[in-house]
Amino acid sequence: TLRLICTTMAVQQKNVGAAGPEKYTEAFIKKQIEEFNLGKRHLANMMGEDPETFTQEDIDRAIAYLFPSGLFDKQARPMMKHPTEIFPEQRKIQWGEDGRPFHFLFYTGKQSYYSLMHETYEKLLNVQKHQDQLTVQDLPLQKEKRNLAGSRWLTKIELEEMLLEKLSDDDYSRFIQLLQKLVALPCADIEKEYIQKFSKEVPAQLQKVVIEPLQYDERGVAFSTGEGKRKTARATAVVYDNGSGKITVNGIDILHYFPVLQDREQLLFPFQFLGRIGKHDMVCTVSGGGRSAQAGAIRLASAKALRSFVTEKEVEFMRQAGLLTVDPRVKERKKPGQEGPRRKFTWKKR
Amino acid sequence: ENKLLTEPLSHPDFFSVKELFTLKDLFDARVHLGHKKGCRHRFMEPYIFGCRLDQDIIDLDQTMQHLQLALNFTAHVAYRGGIILFVSRKRQFCHLIESTARACGEYAHTRYWQGGLLTNANIQLGHGVRLPDLLIFLSTLNNVFEPHVAIRDAAKMSIPTVGVVDTNCNPCLITYPIPGNDDSPTAMELYCKLFRMTIIRAKDKRRQSEAIEELR
């Protein structure tokens, strides 16, 4: 006997989410661009401005005015941009009406990557042929020296964007190895433009600290200023030349301001390191922090001020001694569930 | 249009493929040289002429016949606008084969073969792809000296194959095997030249016939 089995529509429906990312047809993108231009003109009319000379910045300002939003994330706010910026670039259909694909490497799966490898290998063979011709004619191979530092190859993500295709790490490393092989040949200057497509300039990151020149006050005595900090203390020091080793802090002599020997040693350390103990006068102001923190802050400030009086080699020695580095140690915060920053509550077995 | 398609089938050698090569050309390109006796495959024994100093020599008379049949078949496929895919896994000749394919206006695949390319084409290559109508193997083995996966896949998808089989290859599943050397550069250049000339000839003939039909 046959049984009638009833099922719901839910069982027969296809899984909607399994289609993958949306594919936009060219007609769809064209329609979006037309709608965007129409909308731009309407917006210009609404704002009372000329529709012909309405730029993207004007659009952004108009939208921010008409649809104010208090959301923190800028990308969550209402925006009106050209469709090419919103919809990512996608591959159109790869074959014509008769079914024949356009690209000759279509059946490999990764056509742009393999065609790139093919082209690069062709350039390599070209360079080798040129080299052979030059050796036959007994001409010298390399003409000028190339600047090797200051450029880097494209990253994997940048290459993926260029090819509109996913790459694996292995593929990427193979491509970079091929490029390096090409660059290593003596006559690679012929294909310089091709290589430049895949290399980027690295901006020089040398941030040299500028040492200020000496200033001169009314009496003609050279002086220089420096600032320093330690924990919560902030200090400024003015170091005068042709002095006798007097140091004043907030208008008070150091013997009265810092009764403890350790703090006074900290103050004198930069002068002792450079061997200029009795030669400089110092006037400093300090606020915040405690006894030790103020001493450390003044030490850093005086070291920075002394850089102007001293040669570059000695500045390097000071830097290596740690006189010019800001001490990053600050009080660590207390965490919940613990008694202090590290100390936990007493553990009780029961 | 029916006449265009049926007319070439009535002649045994419509595209005069025999004129493209001679026995001497094959000999000069070292097509007759095989691998050593130890590498010999059992099914290649009928195609081997003999063995000298442990190296197998392929029978060039049989090669001539097989090559003529294969070139004739590719010419017919190209005449009817079929998609031809050149396959090889030899790294030395990858660039040569890709350039040959580009020159003919056909397709090449000399890179790592992903498993479901022919059998799972609708998902891997896009929906509604047209599969190749002919596979030409310029080297039947892959980099691990095993038969190329595409031979078995083409047999599964009923796609005819033409392949250059060396003395260590298995000629079983290939529809038009061509016993010959697949390791020398001269031999590969000869094969590429022959295939390129046949395909271009066939396409030109097709264009001429269509032009003549339109004039009537």
Side-chain angles (χ1 to χ4, degrees), chain A residues 14-15 18-26 90-129 163-175 177-179 181-182 191, chain B residues 77-78 80-89 91-136 149-150 153-154 157 159 185 196 199 203 206 210:
Chain A
K14 272 196 213 172
N15 185 4
E22 275 174 57
K23 301 229 166 125
Y24 317 111
T25 49
E26 270 195 66
Q90 269 182 359
R91 291 272 206 79
K92 304 142 204 163
I93 294 188
Q94 307 286 325
W95 52 86
E97 272 178 20
D98 55 353
R100 291 187 75 109
F102 298 129
H103 202 275
F104 75 109
L105 288 176
F106 170 75
Y107 287 105
T108 55
K110 307 178 209 170
Q111 68 178 45
S112 8
Y113 168 70
Y114 285 132
S115 77
L116 187 72
M117 293 291 273
H118 179 79
E119 267 178 42
T120 320
Y121 191 71
E122 197 159 335
K123 305 284 179 193
L124 195 89
L125 290 177
N126 231 4
V127 169
Q128 280 176 346
K129 210 171 72 173
L163 299 176
L164 294 175
E165 236 179 29
K166 293 275 173 206
L167 290 178
S168 76
D169 291 327
D170 205 28
D171 292 336
Y172 173 71
S173 56
R174 273 184 193 246
F175 177 60
Q177 278 171 13
L178 192 59
L179 277 178
K181 218 172 148 182
L182 176 57
E191 309 293 347
Chain B
V77 171
R80 285 151 176 263
I83 298 181
I84 301 180
L85 187 62
F86 287 86
V87 181
S88 163
R89 208 51 187 99
R91 238 186 97 105
Q92 297 161 284
F93 311 116
C94 149
H95 185 86
L96 171 68
I97 295 166
E98 287 184 340
S99 335
T100 322
R102 197 197 250 174
C104 305
E106 298 295 341
Y107 309 88
H109 184 114
T110 55
R111 310 283 176 165
Y112 178 73
W113 181 274
Q114 282 170 326
L117 217 61
L118 290 180
T119 41
N120 204 13
N122 264 331
I123 301 171
Q124 288 201 1
L125 296 173
H127 190 76
V129 209
R130 186 177 150 185
L131 285 182
D133 300 306
L134 174 65
L135 251 57
I136 301 186
V149 178
D153 282 352
M157 306 299 285
I159 300 173
R196 193 177 60 236
I199 293 172
K203 288 187 173 171
R206 174 65 183 233
E210 279 183 341

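Letters A, B, ... are given to chains in the order of the sequence lines, protein chains preceding strands, and every chain is numbered from 1.
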Exercise. Select, from B/C94, B/G128, B/A101, the one with the greatest count of heavy-atom pairs under 4.5 Å involving chain A.
Key: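 Counting heavy-atom pairs under 4.5 Å, the top option is B/G128.
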
Self-check item: Pairs of heavy atoms under 4.5 Å with chain A: top-ranked of B/G105, B/A108, B/S99
Solution: B/A108

Exercise. Kindly assign one of parallel, tilted or perpendicular to the pair A/H118 and A/F104, based on the angle between their ring planes and the thresholds 30° and 60°.
Key: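 Ring orientation, 0 to 90° scale: perpendicular.
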
Quiz item: When heavy-atom pairs shorter than 4.5 Å are enumerated against chain B, which of A/P101, A/S115, A/G99 gives the highest number?
Solution: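 Among A/P101, A/S115, A/G99, the one with the most close pairs to chain B is A/P101.
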
Quiz item: So which of A/Y107, A/F106, A/W95 has the biggest tally of heavy-atom pairs under 4.5 Å with chain B?
Solution: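 Highest number of pairs under 4.5 Å: A/Y107.
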
Quiz item: In terms of side-chain geometry, is the basic nitrogen of A/E119 or A/K123 positioned less than 4.0 Å from the acidic oxygen of its partner?
Solution: no

At a 4.5 Å cut-off on heavy atoms, which part of [X] comes close to chain A: side chain, backbone, both, or neither?
X: B/L117; answer: side chain
X: B/Q124; answer: neither
X: B/I83; answer: both

Self-check item: Main-chain N/O of B/I84 paired to B/E106 side chain as donor or acceptor, under 3.5 Å
Solution: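 Judged by distance alone, yes, a pair lies under 3.5 Å.
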
Quiz item: Taking A/R100 for the side chain and B/G82 for the main chain, is one N or O donor matched with an acceptor at less than 3.5 Å?
Solution: yes

Practice problem: Kindly write out the residues that satisfy ring pair (Phe, Tyr, Trp, His ring centres under 6.0 Å) with B/W113, not counting sequence neighbours, or none if the list is empty. | Solution: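 In terms of ring pair (Phe, Tyr, Trp, His ring centres under 6.0 Å), with neighbours along the sequence ignored, B/W113 is linked to B/H109, B/H148.
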
Practice problem: Please look at A/E122 and chain B and tell me whether the side chain, the backbone, both or neither of the residue comes under 4.5 angstrom of a heavy atom of that chain. | Solution: both

Quiz item: Where is the tightest heavy-atom contact between B/P185 and B/F93, given as atom of each residue plus distance?
Solution: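 Looking at all heavy atoms of both residues, the shortest contact is CA-CE2, 3.6 Å.
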
